[in-house]
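Notes to accompany the following structure.
Bear in mind that the values here come from a model prediction, so they are computed numbers and not experimental data. Hydrogens, waters and symmetry mates are skipped; everything else that's a heavy atom, side chains included, is used.
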Amino acid sequence: MNLIGVHELKADEKARILLPSALKKQLLPLLEEGFVLKRSVFQKCLELYPMREWNQIMNKLNKLNRFVKKNNDFIRMYTAGVRMVEIDGNGRLLIPKDLVNFAGIQGDIVLNAMGSWIEIWNKEAYEAVVNNPDVDFAALAEEVMGNLDETESN
């Protein structure tokens with residue numbers, strides 16, 4: 001699955017967000033399976049995973065040796081605050097209060113599709129990250145993508 005789009009919307013006073021129709025259409029085949037919502041590791045935003053994507057992540061985590069303390073610590077911190085969530089019949093997602101507080105979800109927000117999952121941002125925080133003058137995106141693109149063999153397939 002490759003979700004597409006950046007969507008600006010508003011969260012209501014109960015921290016519910018109404019998924020934009022373009023995004024809801026992309027998620028339609030996954031609605032019955034449910035989703036997992038969690039804190040991001042690297043940013044003050046949330047990550048919404050379709051259940052099948054989350055299960056792939058957990059399969060990787062479950063291969064870690066639990067008798068190594070740092071593995072246990074990582075798993076605990078990675079899964080802290082994780083919630084199973086559903087999108088209701090009206091296309092709304094209710095964000096739990098602790099996750100609202102973590103990411104500052106209120107008023108204007110941004111849903112940013114990241115391939116197989118979605119970031120949920122406070123709009124000001126999102127704009128600050130994507131417009132960070134300290135990040136040279138061209139250099140980052142070259143470093144991350146510049147050595148990929150274009151003939152390789154996944």
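- By the rule that hydrophobic residues join a cluster once side-chain heavy atoms approach within less than 4.5 Å of another member, Met84 and Ile57 end up as members of one cluster.
- Listed here is the closest heavy atom pair of Arg39 and Ala80: NH2-CB, 2.9 Å.
- What you find for Val85 and Leu94 is that their closest heavy atoms are CG1-O, 4.2 Å.
- Within a 6.0 Å radius of CG in Asn147, other residues, nucleotides and ligands contribute 12 heavy atoms or fewer.
- The hydrophobic clustering, which links ILVMFWY residues whose side-chain heavy atoms are closer than 4.5 Å, places Val41 and Met77 apart.
- Taking hydrophobic clusters as Ile, Leu, Val, Met, Phe, Trp and Tyr residues chained together by side-chain heavy-atom distances below 4.5 Å, Leu48 does not share a cluster with Val6.
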Checking side-chain contact (heavy atoms from CB on, under 4.5 Å) for the pair Leu37/Ile120: CA distance, chi angles, key distance, verdict? CA-CA 9 Å; Leu37 187 63; Ile120 303 173; 3.8 Å; yes
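- Shown here for Ile75 and Thr79, the closest heavy-atom pair between the two residues is O-OG1, 2.7 Å.
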Side-chain polar contacts of residues 13-22 - donor-acceptor pairs under 3.5 angstrom, sequence neighbours left out - could you list them?
unit_1: Arg16; atom_1: NE; unit_2: Asp12; atom_2: OD2; d: 2.7
unit_1: Arg16; atom_1: NH2; unit_2: Asp12; atom_2: OD2; d: 2.9

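- Residues passing the side chain to side chain donor-acceptor pair (under 3.5 Å) test with Glu142, sequence neighbours excluded: none.
- To the nearest 0.5 Å, atom CG of residue Leu27 and atom CG of residue Leu93 are 10.0 Å apart.
- Looking at Asp73 and Arg76, a side-chain N of the basic residue comes within less than 4.0 Å of a carboxylate O on the acidic one, giving a salt bridge.
- Distance CZ/Arg83 to CD1/Ile95: 12.0 Å, rounded to 0.5 Å.
- Using cut-offs of 30° and 60° for the angle between ring planes, the Trp54 and Tyr49 rings count as tilted.
- Leu30 and Leu28 fall within the same hydrophobic cluster, defined by Ile, Leu, Val, Met, Phe, Trp and Tyr side-chain heavy atoms under 4.5 Å apart, directly or through other members.
- Smallest separation of non-hydrogen atoms from Gln26 and Ile4: OE1-N, 2.8 Å.
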Given Asn71 and Phe67, is the side-chain contact (heavy atoms from CB on, under 4.5 Å) satisfied, shown in steps? CA-CA 8 Å; Asn71 292 353; Phe67 288 96; over 6 Å; no
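- Closest approach of His7 to Leu9, counting heavy atoms only: O-CD2, 3.6 Å.
- By the neighbour-count criterion of 12 heavy atoms within 6.0 Å, atom CE of Met51 is densely surrounded, having more than that number from other residues, nucleotides or ligands.
- Closest non-hydrogen pair, Gln43 versus Trp121, comes out as CB-CH2, 3.5 Å.
- Each of Leu61 and Val68 belongs to its own hydrophobic cluster when Ile, Leu, Val, Met, Phe, Trp and Tyr are linked at side-chain heavy-atom distances under 4.5 angstrom.
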What pairs of donor and acceptor atoms, side-chain ones from residues 102-118 against any protein atom, are under 3.5 angstrom apart with sequence neighbours left out?
unit_1: Asp108; atom_1: OD1; unit_2: Lys10; atom_2: NZ; d: 2.5
unit_1: Asn112; atom_1: ND2; unit_2: Glu119; atom_2: OE1; d: 3.0
unit_1: Ser116; atom_1: OG; unit_2: Glu53; atom_2: OE1; d: 3.3
unit_1: Ser116; atom_1: OG; unit_2: Glu53; atom_2: OE2; d: 3.2

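- Using a 4.5 Å cut-off on side-chain heavy atoms (C-beta onward), Leu64 and Lys60 make no contact.
- No more than 12 heavy-atom neighbours from other residues, nucleotides or ligands sit within 6.0 angstrom of CD on Glu124.
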